[in-house]
Every structure is written in structure tokens, then in C-alpha cells.
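These notes are about the structure you will find just below.
Below, chains carry the letters A, B, ... as their sequence lines are ordered, and counting in each starts from 1.
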Number of protein chains: 2
Amino acid sequence: MKRPTLEVVAARAGVSKSSVSRVINGETTVAPQIRDVVMQAVHELGYVPNGAARNLVTRRTDTLAVVVSDPPQGVVSDDPLFSAVVRAVSRELETAGKRLVLMLAESDQSRTRVEQYIAGAHVDGVLLVALHGTDPLPAALSRQGLPVVSFNRTSSQDVPYVALDNAGGAALAVRHLLERGRRRIATITGPLELHEARERLDGYRHTLRDTGRRSIVALGDFTRGSGAEAMRQLLEDDPDLDAVFAANDLMAIGALRTLHQAGRRVPEDVAVVGFDDIEAASYTTPSLTSVRSPMADQATAAVHLLLSLIDGGPTDPVIMPNELVVRESS
Amino acid sequence: MKRPTLEVVAARAGVSKSSVSRVINGETTVAPQIRDVVMQAVHELGYVPNGAARNLVTRRTDTLAVVVSDPPQGVVSDDPLFSAVVRAVSRELETAGKRLVLMLAESDQSRTRVEQYIAGAHVDGVLLVALHGTDPLPAALSRQGLPVVSFNRTSSQDVPYVALDNAGGAALAVRHLLERGRRRIATITGPLELHEARERLDGYRHTLRDTGRRSIVALGDFTRGSGAEAMRQLLEDDPDLDAVFAANDLMAIGALRTLHQAGRRVPEDVAVVGFDDIEAASYTTPSLTSVRSPMADQATAAVHLLLSLIDGGPTDPVIMPNELVVRESS
DNA sequence: TCACTCTCGGGGAGCGATTTCTCGGGAACC
DNA sequence: GGTTCCCGAGAAATCGCTCCCCGAGAGTGA
């Protein structure tokens, strides 16, 4: 079951290794008849070039790493958006003729492993999904001199990124609620050590402040349970509120449940808006109004940015706009 | 930004390349003092072995491919279970010190690319997720002589697999409904060209037949919309039914919606049971009773089977049991 | 003390491709 | 007809590592 090598193909075709290599790599400086005889031999033997040998000399691997840096609880990788992102990235790389190595970095130990792997010249570039503001990985990887693109803003200045307009999305949600005539609009935040959670909170705050209204804030951690709990808190602190903006859909779903149990009608008594527009948002009763994050588009943009970076192209950050999907809950 | 090579390290440590190599690979036949001086040099230079060069000579890559073979609509990869599987596999490979290359095969073209890649000796083994009964990929890959494990039963005999007990799970659901005193139990199937859909239907049929009851079947395709539509059909054909077993949760959720619109109370008038126990199953109102597929366990088992196969171990298929999670809908 | 075994380090031959360099031969031009 | 040029093909060097083989030196027993 041993695979044929370039040398065997050359012998069979009666030409030199060099010529076979030229044909394989589509060089134009090769006579048609030689090309044909080589192709013939390639097909007959079922020859496929050995990747390792090729990598060794070309110093390219046509492989990109997607690194998801995440605490073990899995804020990101448990997220329903994870598969959407992975899928979009995978498709995009496929059309670019590249391969995808997926690495989850959930502990310091695995972070070290990631660094080692990257240093081992196994990949041409890295697409980094690291939401934690204090994550050391972005800086560590970019120090390796390999192209790195982050899936969101990082604390490390020199890592190009593709980010959502989190503040803008929150503003969208809040303005929508204001237009619906809501006066007391509360928010449930994500864990504030995550960039996106902070930005969404900022967007909420600024929009309310611009219209002279007060912020009503409860802390959550992006899980459903925390959303339910935060909603209880809010109802207790401020029974008159008539709208809630949750920083993600899971927490919004938790809040819906609490409101239901508390006998508040949605949207008549309290309007609810979430963020992300995950699939489950359309399954709830009432279905959930949400800020749609264009995850697939963001993933595509990130891949393009990375590929351009590898080719020595520009590295300008990209900000993705988002839109509001209005459903029954508001 | 050029990385140091083994030769540079050897020069620095004042020993031969061979010795450095031995130290790097943890061989025991090396004197402690040489070991120390080498380690010192390695750290000072920040040396990391070049992966391609190593692969070339060892003929191992410590990399496994996860291939998801799926039509473009993405029955699998759109599935909420996708990320659970990917995550579990990734974690398991991490602890085994292996890397994961993810490939989606959504068209004949990309299937060819997958075959080419596998043939290029880039990976040590393949974990295949291909639900379609007629998928040519399992046979094609196993023909390459590389270890392949399938994530479910395939039409190709010689591919070891780890499968769910789909029929058993369906039986579990039906028996549960019978115990609840339901008499007219219908089912909504998945697309019958998928193994798992057929097996779940079989489990439903046999269990009912054993108790002398009649099957009431409507066809779906694993999507929410098809579940809603099938439920409408069922209500029309058999207004007296008092229970429905849907072959997956998405369809069950669709069915819930139809029942709600038709004014049937769940579970008082009609009980509903789904399959998979996806996260959304606990968000619906009423929350959904479902057969829990131990996806993470299955993924772990599949990785173990593959690793054992690579080491020349046994290749016996593994069947995962599943359990019923009873919630409000039944 | 000598012969023999045993350990451990070094030299060097590959692994399978790409790529540079060289060279033969035919076309083109004077 | 002779010289120059260019084009295409082959020979050989190279990428960075592993691992086989050999030899030097230490250790042991008689």
C-alpha cells in the first residue's frame, strides 16, 4: 500500500523528476507532449505529492489554524454561534484551497501547546477567536511573526481584527425600544471582562444618556440561568420597567422565562430584545426580537483579511454592521 | 525572524545533531549532563522542531482529519449537535497530543479534494461523519488504506464505527408514551435516506407492533418547518391521535407550534417526544421531552476507537446507549 | 592486565519534494 | 554559413529532521 513517489512517476514517464514536478505545479515551460505523458503516468499510478516533503522545501503549508481561546466552561465554544463561525470559515478556506486546523485553548497548558504548534511552522497563519480582554494569546502569537487575525478587538494593538459593531447593535436595540414608546429600559449585561459585553453595555448607556434617560443595569454572564436571575433582580429593584435589552439571546431567553413566571406579559407589559439572533430565538414563545450578528459574514471577512495578510496585503481592521430582527417580543 | 534549526542548537550546545534529536524526543540513552546542556541551548534559542521535516522522516503527522460529509443544506453541520461533537473530539485529541484538521465535504468537488488531501499523507487517520446512506466517501477513504472510523453505521462494511442506538432510543420514547397511557401514537420521520432516520422509524414501528398497535407515519426532513407541516398532515389524517414521536427535536419544535396553533394542549391533548435533546429543547413552552443522544461520549468513543486502530488495535464497533429526558411535553 | 561487553555520542544516509543551474539544440539574425 | 539567443529538460543541491551503524571509552570478570 505504499504510495508512489515523484521518482517512480518520472521513471514510468521516462523523464526527469524535475519535469514531473513542473507538470504537477502547472508550470508553462513544459512541452505539451511531455506534459501528456507525465499526466498519463500520474493517473495510472494514482500519484499524489507527499505534503510533508513539499512543505519542507516550499515553507508553505496551505493550512491555517483557527484558535478558540476560551475558559473551560466554554463561553464561546458552547455558544450556538460557534458552529456557524467554524462552518463559514471552513467553506471560505475551502474555496481558497487552504486547510483548517482547529485548536481549542481552554487552559494555560493548552495555550502553551498552541504556541508550540504555531512555532513548529505547521501553519501559514492564525485566525484567533479570543474574547477575553486579558487573554495573553493574541500578543504571544503575533510575537511569533506569523500572520494573525483576531475575530474581535484585542488588547494587543498590533493584531488586525474583524469585529462586530457591538455598541452600534446595542444602540439599534435601544432606539427600537424607544420608538415603541418604552420609557424604563433595563439591560442585562454579559461578563464585563469580555470586550463584546462591555461594548454592548456602552452602546446601551450612551443611547439612553443621549435621550436623557437613566440606565438600569443587572449583571449576567451570557448564560441562560444568569439571564433569568438578573431579570428577577431587575423586577425587584424596579418593578415599573417596561423593556429589557439583554446582551445576548441566551440571557434574553432566561429573562423571558422569569417574566412568564412573574406573570408579566411580553411584549404588552415588558418588551424584550436580545443580541446575536441565534436559531433558538425564533423558537421561543413569544419569538424573540434580536440584533442579528452577521457571524458568517464576519468569518468570511476574517478569512479574507488573513489571506491578504499572508500575501503581504493591507491589514486594516474591519467592522461589521448588524441589523435588528423584529419579532413578537417587542 | 528565521527559526533556529536542530543543527544550530547542536553547535551551540557543542554536541551532535543526533544527541539533540535524542533529547528532544525524550530518549533515555543520553547522559544527564548532555541532556542539560542541550535543554539550555534549546531554551536560549527558543528552538521548536520543524514539523514538516519531522513528518517527512517519521511518516507520522500526529494529525487526524474530521470529515463532515453533508449536502450543502447542511443536515449535519447546521445541526446544534455539530459543535458539541467538534468540541468533544477536539478535547479528546488534545489530551492525546494530536491535532485536528476539519474538512466539510459538501459537494462532489470538495469530496475529491478531501480524498486528495488524505492521499497526500497529511493525516494519520480519519474520523468520518457521513449520515447519507449512499455516500461514496466512506468506501473511498477506507480504500486508501488509512485508518478510518465512522461516526455512524455506513453502507461500507469494512469501516469501523461508533453509532447511537437509534432504534433503542425510539423504543424508549414510544414505551414512555405507552406508559403514560397514550393509545394513538404517531411519528414524524427524518429523511429516510439517512441511516439514523430509518433506524428511529424502525424502533418506533417494532415497539408499536409488539403491543399490537398501528403505526401512524408522516415524513419530515429533520427541519423545523417539515415538522410543523407533518404535524398538520397528521392532525388532518388522524384527528384522534394523542401522542407524537418526532425523530429529532427540531421537528418536534415545529410540531409543538402547529399543535399550539390548532388549539391542542400539550401534553393534555397530545404528548410530544423529540430526539437528540438539543439545548433548545429545554427552552420551548412546554419544555420538550427528548431522547438524549450522548454526543460528547460518542465523540470520545470514536476518537478512542480511531487511536486504537492507528496503533493496530481492535476495531469492534461501539453502540452508545441513550436515555430519555422527561420534561413537560409528555 | 587483558579481553570482552556494554553505553553512549557522532557521522551520515536517507525521507520526497522544489528549485537553481547547466547545457544541448534549434531558431533567428546578420 | 556562422554566431547569438532562447527555450526546455536534466543533474544535483537543498530543506530539517530521524535513525541506523559504528567506534571510543568505561566497566567487569578472570
>> OP1 or OP2 of C/dG16 versus the side-chain N and O atoms of A/T5: is any pair under 4.0 Å?
In response: no
> Is any side-chain heavy atom of A/V159 closer than 4.5 Å to a side-chain heavy atom of A/L128?
Replying inline: no
> Of all the nucleotides listed (C/dG10, D/dC15, D/dC17), which has the minimum atom distance to the side chain of A/L56?
Replying inline: D/dC15
> Touch check for B/N25, heavy atoms < 4.0 angstrom, all strands: base, sugar-phosphate only, or nothing?
Replying inline: sugar-phosphate
> Phosphate oxygens OP1/OP2 of D/dG16: is one of them under 4.0 Å from a side-chain N or O of A/R59?
Replying inline: yes
>> Contact between A/R87 and A/M295 at the side-chain level, heavy atoms closer than 4.5 Å - yes or no?
In response: no
> C/dA17 phosphate, OP1 or OP2: any side-chain N/O from A/S21 under 4.0 angstrom?
Replying inline: no
>> Need one value for A/I24: base, sugar-phosphate or nothing, where a base atom within 4.0 Å counts as base even if backbone is also close, heavy atoms only.
In response: nothing
> Taking the side chain of A/R22 as its heavy atoms from C-beta onward, which of C/dT20, C/dG16, C/dG14 lies nearest to it?
Replying inline: C/dT20
>> Which is more 5' along DNA chain C, the nucleotide nearest B/T29 or the one nearest B/V57? Just name the residue.
In response: B/T29
> Taking only side-chain nitrogens and oxygens of B/S19, does any of them come within less than 4.0 Å of OP1 or OP2 of C/dG9?
Replying inline: no
> Do the side-chain N and O atoms of A/R111 and A/S69 include a donor-acceptor pair separated by under 3.5 angstrom?
Replying inline: yes
> Which nucleotide in the list C/dT19, D/dT18, C/dG9 gets nearest to the side chain of B/A31?
Replying inline: C/dG9
> OP1, OP2 of C/dG16 versus side-chain N and O of A/Y47: anything below 4.0 Å?
Replying inline: no
> Which nucleotide in the set C/dA17, D/dT18, D/dA11 lies at the smallest distance from any side-chain heavy atom of B/R54?
Replying inline: D/dT18
